[in-house]
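The structure appears below as structure tokens.
Just so we're clear, the structure is a prediction, and the values are computed from it rather than from any experiment. Atoms within a ligand are numbered from 1 in the order they appear, just like the ligands themselves.
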Amino acid sequence: MRFDIVTLFPELFAPFLASGVTRRAFASGQVDVRLWNPRDQAEGNYRRVDDRAFGGGPGMVMMAEPLARCLDAIVADRGGAAPVVLFTPAGEPLRHAGVAQWAAGEGAVLLCGRYEGIDQRLVDRYVTHAISLGDFVLSGGEIAALALLDAVARLQPGVLNDAASHQLDSFHPALDGLLDCPHYTRPEDWRGMRVPEVLLSGHHDRIARWRRDMQLRLTAERRPDLLAQARAAGRLDRADEAALAPPPGGTL
Ligand code: SAM
């Protein structure tokens, strides 16, 4: 798959693409990332890519023309059109299901805004998808693009050391969309805090039950919306419901 990133700050991407478990996906070209700077398409000595907003007000707006030239050059280079994703607070919040769809696709063009955003006419003409990282405002779309690239890369076959490990992560359908359970490693006693005994028992069924109970209780506490979805989809059995039931005479 191929991702073309349109950004005024291409230098932000190199350290990320060369680091961590996902670097294999980028180095091998399994996830082929290409960087495009709209400033290279701008005219004049100053290669200007932004201007003041019509109607007044503070802040600058990214001009349509340098971005349009960049996007046209990408289409020519790819030999055809691709989805064009704009990162914006007004987009669809990024969730596991969306990441899984992009991870199974052919890639996309990722458009990183800066300043107050992008001239709306460019958005209307070119953008096919809008994605938000959450209900807060970043200085630019680059961190959102990196978040999508990371999440997509780790779902590619052979990228994680243990092929099935992402199926044990929060939100995955294999986990019924629940949150992951707490994890522990050595030493067994750290500053007087002991690892839950069941994890030392070597009893696989009991460990699996404990993990499932923790997932259910954590999800009930932090993300009751996810628990309700799992329940509505018929993913909770009687043992699950028993784990969620308040103990007699008390709360969970
Ligand atoms: N004026 C815009 C607004 O209030 O919606 C915010 C512009 S922000 C300072 C600059 C750029 O950062 C945006 O064009 C967008 O590409 C990116 N950005 C900011 N917050 C984001 C978010 N929550 N999700 C995705 N991208 C975001």
Could you tell me whether [X] and ligand 1 have an N or O pair separated by under 3.5 Å?
| X | answer |
| --- | --- |
| Leu86 | no |
| Leu133 | yes |
| Val137 | no |

Ile131: heavy atom below 4.0 Å from ligand 1, yes or no?
yes
Under a 4.0 angstrom heavy-atom cut-off, which atoms of ligand 1 come close to [X]?
| X | value |
| --- | --- |
| Ser132 | 23 (N), 24 (N), 25 (C) |
| Gly141 | 12 (O), 16 (O), 17 (C) |
| Gly140 | 11 (C), 12 (O), 17 (C) |
| Gly134 | 23 (N) |
| Gly117 | 14 (O) |
| Glu116 | 1 (N), 2 (C), 7 (C) |

- Query: Counting only non-hydrogen atoms of the protein, does one fall under 4.0 Å from atom 1 (N) of ligand 1?
  - Reply: yes
Considering only the protein, which heavy-atom contact is closest to [atom], and what is its distance?
| atom | value |
| --- | --- |
| atom 7 (C) of ligand 1 | Tyr115 O, 3.4 Å |
| atom 25 (C) of ligand 1 | Thr88 N, 3.5 Å |
| atom 15 (C) of ligand 1 | Phe87 O, 3.0 Å |
| atom 11 (C) of ligand 1 | Gly113 O, 3.4 Å |
| atom 3 (C) of ligand 1 | Pro89 CG, 4.2 Å |
| atom 23 (N) of ligand 1 | Phe136 O, 2.8 Å |

One thing to verify: whether [Y] and [X] come together as a salt bridge, which I'm taking to mean a side-chain N less than 4.0 angstrom from a carboxylate O.
| X | Y | value |
| --- | --- | --- |
| Asp32 | Arg2 | no |
| Arg69 | Glu65 | yes |
| Arg34 | Asp77 | yes |
| Arg209 | Asp205 | no |
| Asp176 | Arg212 | yes |
| Arg206 | Asp213 | no |

Joining Ile, Leu, Val, Met, Phe, Trp and Tyr whenever any side-chain heavy atoms lie under 4.5 Å apart, the cluster holding Trp190 also takes in Met193
Logged contact type for Ser139 with ligand 1, heavy-atom cut-off 4.0 Å, is backbone
At under 4.0 Å between heavy atoms, what of Leu138 touches ligand 1? The answer is both
Tyr46 atom OH, over 12 foreign heavy atoms within 6.0 Å: no
Only pairs under 3.5 Å count here: list side-chain donor-acceptor contacts from residues 94-118, not counting sequence neighbours, and write none if there are none.
from   : atom 1 : to     : atom 2 : distance (Å)
Arg114 : NE     : Glu142 : OE1    : 3.1
Arg114 : NH2    : Glu142 : OE1    : 3.0

Here the gap from Ser170 atom OG to Leu218 atom CG, rounded to the nearest 0.5 Å, amounts to 8.0 Å
Treating Asp240 as the side-chain partner and Asp237 as the backbone partner, does any N or O pair qualify as donor plus acceptor under 3.5 Å? yes
Check your understanding: Is Leu226 close to Phe171 at the side-chain level, that is, under 4.5 Å between some pair of heavy atoms?
Key -> yes
